[in-house]
Amino acid sequence: MLHEVLLERKDIIRSRMSLVSLYETEEPSSEIEEILAQFENPTFPIEEVNTEKEEEWQPLERKYLDGVNQIKENVQEKTAQLDKDLESSLAHSDEILKSHRDFRPIDDRDYSNIKLAISKHFDQAKTNLRADAATKILMLRRDIEQQGRKRRNFDKNTTDTLQNWFHDHRTNPYPSDQEKADLAKQCNIKISQVNNWFGNQRIRSKHQALRIEEEERNRLAALAAEEAEAMQTAIAEATAAASSSLTAASLINLPLMNPSMQAMVLPTVQPNLVQPNLVQPTLINGAPGFLQQPHYFPTLGDNTNGQHFYTDFETFGLVQHQQPDAEQFNTINYLG
DNA sequence: ACTCATGATTTCCA
DNA sequence: TGGAAATCATGAGT
């Protein structure tokens with residue numbers, strides 16, 4: 001984890017500020033001085049601070065200012081120390097040269113050469129000190145930025161790159177460490193962000209697949225229900241039609257069925273008490289007459305109960321699954 | 001203002 | 001420790 005962070009920081013520094021090369025140069029760099037201008041005029045690394053609630057940013061801003069100040073004091077302290085050391089080194093070199101006068105001739109060139117060499121050495125030390133401070137400031141700014149930044153969506157290039165990789169490896173969308181590093185570099189995001197993205201992407205594409213599957217199931221279920229309802233309607237209509245076309249006389253000769261079934265679908269034909277001269281329904285086979293249930297039972301002929309069953313699967317488009325044998329049918333509770 | 005997308009964080013597990 | 005899953009918080013479109 002720490003390693004990852006360091007790697008990322010190194011990348012940032014290299015790509016954004018090319019600080020690494022600054023270390024290699026012998027000369028004081030204007031870039032370093034630019035960064036160290038923060039000492040005199042610290043600028044908070046987050047722009048939103050001006051447009052949003054002050055309280056929200058204050059602690060973070062305080063942290064940044066304190067951090068910069070600490071770096072500044074450290075530089076000043078060490079610079080002062082270097083200056084003191086320079087003085088004493090120069091004084092010491094004077095002493096040495098003077099002592100050398102006893103062995104060899106010493107002229108002004110000797111003095112200026114050694115002073116130049118010593119000064120150069122201390123200048124380099126100071127340059128390194130300032131480069132070091134500049135690095136610390138950049139890191140501080142990055143930390144602050146990290147802590148204060150609200151979530152930003154990745155740009156299109158980034159999401160495209162990640163998306164392409166994901167799609168190309170959709171059978172096994174698990175990038176290796178090396179591939180994660182490559183993607184991070186390519187997308188200019190952190191390795192941890194690559195990890196987040198793939199974590200999110202994997203779980204979310206999985207959920208999406210499940211959702212689509214479920215929607216398909218629901219669609220088919222709805223379709224089946226719709227068909228069932230249409231069938232019910234057709235049955236009801238056909239029943240009504242059959243009922244209205246039947247004459248009272250024809251009712252008499254209709255075969256009998258289970259009375260409770262009749263109650264469910266059609267009213268029992270009762271003797272007409274108001275107009276007793278009308279033909280009264282009679283008893284057939286000793287049972288009260290009633291209209292035949294829609295024909296969704298198979299023909300069994302005489303079912304041994306003296307009742308006759310009709311078939312009319314074709315009428316309602318029903319599929320006859322199986323032909324129950326008489327014994328089975330007699331024991332079926334077909335209403336319930 | 002609502003709602004969904006999306007990046008980040010947290011929690012749990014092998 | 002890496003990944004799955006749940007959850008949080010913000011971005012962005014309406």
Side-chain angles (χ1 to χ4, degrees), chain A residues 1-19 35 38 42-68 70-71 135-223 225:
Chain A
M1 190 56 84
L2 179 63
H3 181 62
E4 185 181 306
V5 169
L6 288 178
L7 267 182
E8 281 166 5
R9 283 195 172 154
K10 220 164 159 188
D11 265 5
I12 293 291
I13 291 164
R14 196 172 271 147
S15 62
R16 290 197 188 156
M17 292 298 196
S18 52
L19 256 197
I35 296 166
Q38 291 292 316
T43 57
F44 195 59
I46 301 169
E47 315 76 46
E48 287 94 326
V49 73
N50 295 321
T51 60
E52 296 180 29
K53 283 175 291 183
E54 184 101 357
E55 325 84 67
E56 201 177 315
W57 297 106
Q58 234 174 13
L60 214 54
E61 195 166 14
R62 184 77 263 148
K63 193 174 171 186
Y64 177 66
L65 295 179
D66 287 350
V68 169
Q70 206 181 320
I71 296 169
T135 305
K136 280 181 183 160
I137 285 183
L138 286 183
M139 286 199 175
L140 176 64
R141 289 178 71 86
R142 192 168 137 62
D143 279 351
I144 295 286
E145 232 172 318
Q146 187 71 25
Q147 290 171 48
R149 165 135 296 149
K150 291 175 180 175
R151 187 178 67 72
R152 293 286 129 92
N153 288 349
F154 296 154
D155 60 34
K156 193 169 182 312
N157 278 345
T158 298
T159 50
D160 283 352
T161 304
L162 296 171
Q163 205 82 57
N164 286 339
W165 197 99
F166 190 87
H167 186 261
D168 291 345
H169 301 75
R170 58 190 177 285
T171 52
N172 183 35
Y174 297 85
S176 66
D177 286 350
Q178 182 57 53
E179 287 168 324
K180 284 176 185 174
D182 292 345
L183 283 167
K185 191 163 191 176
Q186 209 177 329
C187 297
N188 198 24
I189 58 177
K190 295 184 295 175
I191 289 173
S192 62
Q193 290 178 296
V194 174
N195 285 329
N196 290 340
W197 192 89
F198 274 91
N200 284 325
Q201 190 66 16
R202 278 191 298 263
I203 193 74
R204 282 166 184 165
S205 64
K206 185 175 157 189
H207 284 163
Q208 198 195 11
L210 291 176
R211 247 200 326 279
I212 287 171
E213 226 176 87
E214 165 142 16
E215 274 165 20
E216 183 63 8
R217 265 203 307 280
N218 289 342
R219 199 180 65 77
L220 291 173
L223 211 63

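In what follows, every heavy atom counts, from backbone to side chain, and hydrogens, waters and symmetry copies are set aside. Just so we're on the same page: letters track the sequence lines, and every chain starts at 1.
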Go through the steps to decide whether D182(A) and Q178(A) satisfy the test side chain to side chain donor-acceptor pair (under 3.5 Å), and finish with yes or no.
CA-CA 6 Å; D182(A) 292 345; Q178(A) 182 57 53; 2.9 Å; yes
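When each of dG11(C), dC8(C), dA4(C) is scored by its nearest atom to the side-chain atoms of K206(A), the top-ranked nucleotide is dA4(C). Distance from the side chain of I203(A) is smallest to dA4(C) among dG11(C), dA8(B), dA4(C).
Using a 4.0 Å heavy-atom criterion, one finds that N200(A) contacts the bases of the nucleic acid, with or without backbone contacts as well. Residue F154(A) is in sugar-phosphate contact alone, with no base atom involved, counting any heavy-atom pair closer than 4.0 Å across all strands shown. Among the heavy atoms of the strands lying under 4.0 Å from R202(A) are primed sugar atoms or P, OP1, OP2 only; no base atom is included.
The ring pair (Phe, Tyr, Trp, His ring centres under 6.0 Å) search around F154(A) returns none, not counting sequence neighbours. Residues passing the side chain to side chain contact (heavy atoms under 4.5 Å, CB included) test with R151(A), sequence neighbours excluded: N153(A).
Relative ring orientation between F198(A) and F166(A) is described as tilted, the plane-to-plane angle lying within the 30° to 60° band.
Spacing between atom CZ of F166(A) and atom P of dT6(B) amounts to 13 Å, rounded to whole angstrom units.
Mapping N153(A) and G199(A) onto DNA chain C by nearest heavy atom places G199(A) closer to the 5' end of the strand.
Residue K180(A) places at least one side-chain N or O closer than 4.0 Å to OP1 or OP2 of dG3(C). Contact between the side-chain N/O atoms of Q193(A) and the OP1/OP2 oxygens of dA8(B) is found at a separation under 4.0 Å.
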